Every structure is written in structure tokens, then in C-alpha cells.
Amino acid sequence: ALVTSKEMFKKAYEGQYAVGAFNVNNMEIIQGIVEAAKEENAPLILQVSAGARKYAKPAYLKKLVEAAIEDTGLDVVLHLDHGENFEICKQCIDDGFTSVMIDGSKYSFEENIALTKKVVEYAHERGVVVEAELGRLAGIEDNVNVSEKDAIYTDPNQAVEFVERTGVDSLAIAIGTSHGAYKFKGEPKLDFERLEKITKLLPNFPLVLHGASTVIPEFVEACNKYGGNIPGAKGVPEDMLRRASKLGICKINIDTDLRLAMTAAIRKYLTENPEVFDPRKYLGEGRKAIKEMVRHKIKNVLGCSNKK
Ligand SMILES: O=C(COP(=O)(O)O)N(O)CCCCOP(=O)(O)O
Ligand SMILES: [Ca+2]
Ligand code: NA
Ligand SMILES: [Zn+2]
């Protein structure tokens with residue numbers, strides 16, 4: 001069924017694991033993800049960005065997710081990722097989403113609170129949960145000094161005030177991650193001290209980690225081997241994700257690792273099968289790669305196997 005993340009996060013918090021939030025853009029990506037979650041008997045969040053709604057059109061994504069639920073019997077959260085304003089959050093809530101993110105992190109503290117409160121009010125009246133964001137995602141450059149870090153990363157005390165004043169259900173925090181395949185110039189590093197402080201000040205409150213793809217080296221290498229060009233791609237080591245999920249992080253966002261898994265498989269297949277031009281062949285390889293990658297994440301990183 002379509003469910004909110006309320007129960008999922010409560011169990012994840014107590015069980016010290018995290019739920020995977022995977023971005024979806026087409027049929028094969030959805031199928032690969034849900035088949036993995038089905039086999040692992042895992043809780044699941046499928047998230048849709050504004051870009052995904054433009055690419056696939058909202059109706060297609062909604063019906064593909066409904067089909068996936070019907071086919072697998074899974075409990076799935078349908079979540080709007082990075083909602084930029086009240087309107088898109090309202091649209092998705094009216095469209096049957098069970099969770100929305102209102103991303104006011106680029107505004108001032110007070111403006112972020114005001115905007116988040118407006119979405120929370122509309123969402124809660126309709127039984128929908130809300131994720132907000134405080135702090136700015138940016139990889140830790142070696143030369144980021146303390147004050148810069150404090151300027152962009154989530155301030156633990158502000159986080160407490162933000163949650164109290166908005167009534168939001170979960171909070172995306174900035175502790176050194178960033179979106180995409182180039183997260184760190186130097187050694188990957190997350191501000192775990194900051195995460196521990198936020199977890200201590202906000203016990204039992206679900207935290208969200210964005211920009212959490214590992215940028216799995218095997219896929220980067222395969223992409224580059226078969227005609228791709230993504231040098232220096234680097235992400236969050238899996239042991240850091242495991243550590244974060246044992247703290248207050250209950251939702252881990254993964255999109256880049258999906259893209260790399262699918263792209264590596266398709267590049268390899270097309271290179272090795274030049275005579276083939278049936279989309280089912282190479283899209284099917286992409287789907288298989290996604291399923292294997294998601295299964296790995298559920299089992300070995302998120303720790304949410306058999307936690308459905
Ligand atoms: O936190 C994440 C994923 O982070 P990751 O890049 O580490 O996977 N996300 O929120 C996914 C963001 C994807 C948005 O991309 P489009 O606008 O192109 O659809
Ligand atoms: Ca943001
Ligand atoms: Na957790
Ligand atoms: Zn994000």
C-alpha cells in the first residue's frame with residue numbers, strides 16, 4: 001500500500017537502521033528498485049524530483065508506482081524530493097503523495113520556518129508527512145575552515161528551534177555531503193560530531209541524509225571503460241553511511257548510484273553487443289544492475305532487510 005514514513009522512521013530509529021529513498025524517473029528504474037525491496041522484505045521510499053515530473057510527466061510516475069505496489073504488495077512511501085515552493089508540495093499532496101519535502105534551505109532561517117510551517121499545515125490536515133532542510137549541502141573541501149563550515153552546515157541549536165516551530169516530521173541536515181558524483185576533492189569526510197550533537201538535542205527525531213550516494217567505484221570504472229568520461233568521481237564511503245544510520249539518520253537518499261549502475265550496465269552491454277538494437281535488451285540490463293545495486297544497499301548499508 002501507499003504509506004507515510006511515520007511508522008517506518010520510528011522503527012528505523014529504534015532499530016538503528018535507515019530506510020533507502022531512491023529517486024525514480026522511468027519504468028525500469030522503479031521495477032529494479034521495488035524488485036530488490038521485495039526480495040529483501042524491506043521498507044521503501046520512492047522519491048520524485050521536479051525534474052522527474054517534467055521528464056516522465058506526473059501521471060505516468062504515479063501510475064507506475066501504483067502498479068509496482070499492486071505487483072509486489074509492498075508498503076511504499078511516495079515522496080516529493082526537493083519541493084521548491086508551497087505550490088508543488090500542494091500539487092503532490094493533492095495528487096496522492098504520502099510525503100513531501102519542502103526545501104527552504106536556501107532562504108533565511110525565518111523564511112524557511114514560515115514556508116515549512118505553511119506546507120506542514122496543508123500536509124498534516126491531509127495525513128501527509130513533511131521533510132524540511134536546514135543548512136546547505138556542500139562537500140567538505142580540505143580548506144573549509146570552521147566558520148565556513150558553521151555557515152553552511154546545520155546548526156544543532158537552530159535545528160531544535162526549527163523543529164519545534166514548524167512541527168515538521170523529519171529534517172534533512174548538512175554535515176558535508178553534496179549531490180552528484182563529485183562530492184569530495186580530498187578525502188571523504190562527514191561532520192559526525194555535528195550529527196551526534198543534533199541527535200542528542202533531538203532524540204527520536206528522524207534525520208535525513210541527502211547526497212548520500214557512494215559513487216560506487218566499480219560503476220565509475222565501467223562507465224569510463226565503455227566510453228564514459230567521469231574522472232575523479234567520489235562519494236560517501238559505505239561505512240560512513242552505516243555509522244550515520246546508527247545515529248539519528250533514518251532516511252538515506254540515493255540517486256547518483258542508480259544512475260551510475262544503469263549507465264555502466266547499458267554502456268557495457270551496447271559495447272559488447274554492437275549488433276543489438278532492441279531497447280528491451282539494454283534497458284533490461286540497466287534494470288538488472290539497479291536491482292543488484294539496491295539489494296546490496298538494503299542488505300549491506302541501510303540494514304533494513306526484513307524490517308518491512
Ligand atoms: O540527495 C539526493 C541524492 O543524492 P546523490 O546525488 O548522492 O545520489 N537527492 O535528493 C536526489 C536529487 C536528485 C535530483 O536530480 P534531478 O533534479 O536531476 O531529478
Ligand atoms: Ca537545499
Ligand atoms: Na537510524
Ligand atoms: Zn537531495
Side-chain angles (χ1 to χ4, degrees), residues 5 18-26 29-30 33 45-58 60-61 77-85 88-89 92 99-109 111-113 115-116 119 130-140 151-154 158-159 162 168 170-184 188 190 207-217 219-220 230 233-238 240-241 244-245 249-263 290 293-294 296-297 301-302:
S5 48
V19 180
F22 299 94
N23 288 74
V24 295
N25 289 278
N26 72 6
I29 293 171
I30 291 172
I33 295 166
I45 298 170
L46 295 180
Q47 51 186 28
V48 170
S49 67
R53 286 164 60 79
K54 284 187 193 74
Y55 172 76
K57 292 190 186 166
Y60 284 81
L61 291 173
V77 176
L78 178 54
H79 175 76
L80 167 66
D81 190 26
H82 289 290
E84 284 296 307
N85 53 47
I88 189 168
C89 291
C92 290
S99 172
V100 295
M101 177 189 188
I102 176 66
D103 180 356
S105 69
K106 63 174 181 275
Y107 302 120
S108 75
F109 183 62
E111 285 160 342
N112 189 356
I113 286 182
L115 176 59
T116 301
V119 174
V130 182
E131 173 189 326
E133 187 172 39
L134 190 63
R136 299 200 173 102
L137 292 187
I140 289 187
I152 50 175
Y153 293 173
T154 306
Q158 272 200 342
F162 186 92
V168 77
S170 65
L171 185 68
I173 58 170
I175 54 170
T177 61
S178 57
H179 290 137
Y182 304 92
K183 298 184 194 301
F184 304 100
L190 298 187
L207 302 175
V208 181
L209 194 62
H210 282 243
S213 279
T214 297
V215 187
I216 297 169
F219 298 139
V220 175
I230 45 174
K234 197 182 289 182
V236 184
E238 294 186 337
M240 290 190 190
L241 298 173
S245 68
I249 297 289
C250 292
K251 175 175 180 269
I252 289 184
N253 283 13
I254 298 173
D255 187 27
T256 296
D257 280 336
L258 293 168
R259 299 181 181 194
L260 291 170
M262 188 159 212
T263 304
I290 282 194
M293 189 282 286
V294 170
H296 159 73
K297 287 289 181 185
V301 179
L302 300 162

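Whatever order the structure lists them in is the order used to number ligands and atoms, beginning at 1. Start at 1 with the first residue, then count along the sequence. Please read all numbers here as calculations on a predicted model, not as lab measurements.
Applying the 6.0 Å contact sphere to NZ of Lys57 captures no more than 12 heavy atoms from other residues, nucleotides or ligands. Within 6.0 Å of CZ on Phe109 lie more than 12 heavy atoms contributed by other residues, nucleotides or ligands.
Within the 4.0 Å heavy-atom criterion, both parts of Ser213, backbone and side chain, lie near ligand 1. Contacts between Asp255 and ligand 1, counted as non-hydrogen atom pairs separated by less than 4.0 Å, involve both the backbone and the side chain. Here Met101 has no heavy atoms under 4.0 Å from ligand 1, in either its backbone or its side chain. No part of Ala50 comes within 4.0 Å of ligand 1, judged by heavy-atom distances. Proximity of Thr256 to ligand 1, defined as any heavy-atom pair under 4.0 Å, is shared by backbone and side chain alike.
The His210 neighbourhood of ligand 1 comprises atoms 1 (O), 10 (O), with distances under 4.0 Å to a heavy atom of that residue. Near Ser49, with a cut-off below 4.0 Å to any heavy atom, the atoms of ligand 1 are 16 (P), 17 (O), 19 (O). Every atom of ligand 1 with a heavy atom of Asn253 under 4.0 Å away is listed here by number and element: 1 (O), 2 (C), 9 (N), 10 (O). Counting the atoms of ligand 1 from 1 in the order shown, those under 4.0 Å from a heavy atom of Asp81 are 9 (N), 10 (O), 11 (C), 12 (C). Taking every heavy atom of Lys183 and a limit of under 4.0 angstrom, the matching atoms of ligand 1 come to 5 (P), 6 (O), 7 (O). The contact set between ligand 1 and His179, taken as ligand atoms under 4.0 Å from a residue heavy atom, comprises 1 (O), 2 (C), 3 (C), 4 (O), 6 (O), 9 (N), 10 (O).
With no hydrogens or angles considered, no side-chain donor-acceptor pair links His82 and Glu131 at under 3.5 Å. Looking at Asn112 and Thr116, their side chains do bring a donor and an acceptor atom within 3.5 Å of each other. Side-chain contact check for Thr214 and Lys297: at least one donor-acceptor pair (N or O, by modelled atom type) lies under 3.5 Å.
Looking at Arg53, Arg259, Gln47, Glu133 and measuring to atom 16 (P) of ligand 1, the nearest heavy atom belongs to Arg259.
Two residues are said to be in side-chain contact when any heavy atoms from C-beta on lie closer than 4.5 Å; Ile252 and Ile254 meet this criterion. The side-chain heavy atoms of Glu238 and His296, taken from C-beta on, include a pair separated by under 4.5 Å. Looking at heavy atoms from C-beta onward, Leu260 lies out of side-chain contact with Thr263 at the 4.5 angstrom threshold. When side chains are defined from C-beta on, Val130 does not count as touching Met101, because their heavy atoms never get closer than 4.5 Å. Ile249 has its side chain out of reach of Leu241: every pair of non-hydrogen atoms, C-beta onward, lies at least 4.5 Å apart.
In this structure, CG in Leu190 is found 6.5 Å from CG in Leu209, a value given to the nearest 0.5 Å.
Scanning all heavy atoms of the two residues, the minimum distance from Val24 to Ile33 falls at CG1-CD1, 3.8 Å.
At least one N or O atom of His82 sits closer than 3.5 Å to an N or O atom of ligand 1. Between Asn25 and ligand 1, no N or O atom pair is found at a separation short of 3.5 Å. Residue Gly180 places at least one N or O, backbone or side chain, under 3.5 Å from an N or O of ligand 1. Taking only nitrogen or oxygen atoms, main chain and side chain alike, Ile254 does not reach within less than 3.5 Å of ligand 1.
The closest protein non-hydrogen atom to atom 1 (O) of ligand 1 is Gly211 N, 2.8 Å.
For the pair NE2 of His82 and NE2 of His179, the angle at the Zn ion (ligand 4) is about 100°; rounding is to 10 degrees.
Note on His210: its N/O/S atom closest to the Zn ion (ligand 4) is ND1. Considering just the N/O/S atoms of Glu133, the one nearest the Ca ion (ligand 2) carries the name OE1.
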